[in-house]
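When reading the values below, keep in mind they use all heavy atoms of this one structure, side chains included, and skip hydrogens, waters and symmetry mates. As the structure is a computational prediction, the values presented were derived from the model and not from experiment. Convention: sequence-line order gives letters A, B, ...; per-chain numbering from 1.
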Amino acid sequence: MTQDNNAAARAELAAILDSLVSECALRTVALVTRDGSLVTSRGDVSYLDITALAALLGGMFSATREVAKLVGEKHFSILLQQGEKRHIHISLVTNDFMLALIFEDVGKIGMIRTVTRRIAGRVGELAAMDWTPSADEPASQEPAKRSSEFREYALDLIDRIFSP
Amino acid sequence: MVYVNIHNKLIELKIVYYGAGMSGKTTNLIQLHQGLREQHKGQMVSLATESESTIFFDFFPVELGQINGMSVRLRMYTVPGQDFYEASRRLVLEGADGVVFVIDSDPAREPANYASYEDLCKNLKACHSAIERIPVIFQYNKRDIPRALAVGSVEAKVGFTPLQVFEAVASRGEGVKQTAQAISRSVVERFAF
């Protein structure tokens, strides 16, 4: 992927998610991988620990998939958790990615289902793209040199952080 | 699996603490979390039963800092040790870049250690990996126990040589950071992108 394509794809994903936030009056939307890494988030994330949320969503994703298998389904494509003030709607956009929508107006649930179904295909495509680092990012260097430099810095940081 | 997120300019590496039930995996993570400076750690998440056994996983992120404009994060997980959480262990192990195998030095737990090692091998295979393909470090925990298992006895029994072996008393924080440092170094040394 070229730098321009990378930037364009990222901008498109951000625009789709921003529009989802405003159209469905969401507090937050998070795009998360199956193993609990955050791809991107939009909306307000100031009130929660988004890294912990992604890890837990990854766990839910895996557990739910196994539960689905036990009852003879390939997966459950939508999960809804309803709280007193806040609710969370989780939908699979591909086998590897899910969208988690946090919202407060339970009356929006119909709209949320419709809009997430509409955008899932494109979000899945953008999420699954090979996000090859581009010129303004670390991959602008020759891979061997970049990796070796990365390792050197990372090992130094590890030693500083973990040294008893 | 190393996760490179260009959106957030983030590189994530996953480290999993594996071992028999009550061998001290969660204690390792708790002590490690307590021993790190605030700027280097995120919130610890524990999914435990009322008796404090891990039911799914414990997790916290270690923020290494910025390298070439990318943030680098280690994601530290434990698996549930009890036999009946086998499916959960496999799910947590998926995508692991490195494993710390925590051995209970109590002689009475010797069979449980071997069973857990076999379970680790089986689950790595189920995740399309193998114990020879990722960095694995053994930690002999609970070294303060009377007649503790001899260091090296588990390797001899299972016929596997880990990259490194550490002794620990995780409940007192001894050997915890050294183990984490070693597995983190091993994972990073193999990383290329």
Side-chain angles (χ1 to χ4, degrees), chain A residues 1 6-7 9-10 13-14 31 33-41 48-56 58-63 65-67 69-70 127 129 131-134 136-141 143-144 146-164, chain B residues 1 3-14 32 35-37 40-45 47 56-57 59-70 72-75 77 87-88 90-92 94-96 173-182 184-185 187-193:
Chain A
M1 231 189 173
N6 252 339
R10 262 175 272 154
L13 184 56
L31 180 63
T33 67
R34 62 188 277 173
D35 73 339
S37 288
L38 180 72
V39 176
T40 190
S41 63
L48 52 73
D49 183 329
I50 197 81
T51 305
L53 178 77
L56 287 169
M60 278 174 67
F61 182 104
S62 302
R65 187 186 54 199
E66 296 300 309
V67 171
K69 281 184 193 164
L70 285 176
M129 277 182 186
W131 297 100
T132 308
S134 54
D136 59 338
E137 291 152 353
S140 58
Q141 301 169 23
R146 183 182 67 229
S147 290
S148 136
E149 195 175 289
F150 171 85
R151 282 195 293 269
E152 194 181 319
Y153 284 131
L155 292 174
D156 181 52
L157 289 170
I158 286 168
D159 288 344
R160 276 195 271 163
I161 289 172
F162 290 120
S163 285
Chain B
M1 182 180 62
Y3 182 67
V4 181
N5 183 336
I6 300 303
H7 276 284
N8 296 337
K9 295 187 180 295
L10 177 68
I11 295 171
E12 292 186 316
L13 302 123
K14 182 175 183 179
L32 185 62
L36 294 179
R37 290 186 186 159
H40 293 307
K41 63 185 179 188
Q43 182 184 335
M44 181 150 175
V45 172
L47 300 183
F56 198 167
F57 59 77
F59 161 83
F60 82 91
V62 177
E63 311 290 350
L64 286 190
Q66 295 262 329
I67 301 174
N68 288 343
M70 299 284 282
V72 184
R73 174 182 295 156
L74 304 172
R75 297 193 299 146
Y77 282 88
S88 303
R90 192 178 66 247
L91 297 175
V92 176
E94 206 168 291
E174 295 169 17
V176 168
K177 277 189 173 177
Q178 291 89 337
T179 306
Q181 183 178 11
S184 304
R185 287 186 64 93
V187 164
V188 162
E189 276 164 0
R190 285 168 50 102
F191 176 57
F193 72 110

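- Note: A/Arg160 CZ to B/His40 NE2 = 8.0 Å, rounded to the nearest 0.5 Å.
- The two residues B/Lys177 and A/Ser163 make their nearest non-hydrogen contact at NZ-O, 4.1 Å.
- Heavy-atom distances place no part of A/Ser41 under 4.5 Å from chain B, backbone and side chain included.
- Contact of B/Ala180 with chain A is made through backbone and side chain together, with heavy-atom distances under 4.5 Å.
- Separation of atoms OH (A/Tyr153) and CG (B/Leu64) is listed at 15.0 Å; rounding is to 0.5 Å.
- Contact check for A/Asp159 versus B/Arg185: side-chain heavy atoms found under the 4.5 Å cut-off.
- Counting all heavy atoms, side chain and backbone alike, A/Ile158 lies closest to B/Gln181 at CG2-O, 3.8 Å.
- Across all non-hydrogen atoms, the minimal contact from B/Leu91 to A/Ala63 is CD1-N, 4.0 Å.
- When heavy atoms are compared at a cutoff of 4.5 Å, A/Arg34 approaches chain B solely by way of its side chain, counted from C-beta outward.
- Contacts of B/Glu12 with chain A are made by side-chain atoms alone, with heavy-atom separations under 4.5 Å and no backbone atom involved.
- When heavy atoms are compared at a cutoff of 4.5 Å, B/Tyr77 approaches chain A solely by way of its side chain, counted from C-beta outward.
- Both the backbone and the side chain of B/Val188 come within contact range of chain A, with heavy atoms under 4.5 Å apart.
- Contact annotation: the side chain of A/Leu56 never approaches that of B/Phe56 to less than 4.5 Å [non-hydrogen atoms, C-beta and beyond].
- Taking all atoms of both residues into account, the shortest heavy-atom contact from B/Phe57 to A/Ala55 is CZ-O, 3.5 Å.
- Here CD of A/Glu152 is found 10.0 Å from CD1 of B/Ile67. Values are rounded to the nearest 0.5 Å.
- Interatomic distance, CG of A/Asp49 versus CE of B/Met44, reported as 13.0 Å (0.5 Å rounding).
- Taken to the nearest 0.5 Å, the CG atom of A/Leu38 stands 8.0 Å off from the CZ atom of B/Arg73.
- Using a 4.5 Å cut-off between heavy atoms, B/Arg90 touches chain A through its side chain atoms alone.
- Between A/Ile161 and B/Glu63, the closest heavy-atom pair is CD1-O, 3.7 Å.
- Side chains of A/Phe150 and B/Ile11 form a contact here, defined as non-hydrogen atoms less than 4.5 Å apart.
- A/Thr51 is not listed as a side-chain neighbour of B/Arg75, based on a closest heavy-atom distance of 4.5 Å or more.
- Neither the backbone nor the side chain of B/Val92 comes within less than 4.5 Å of any heavy atom in chain A.
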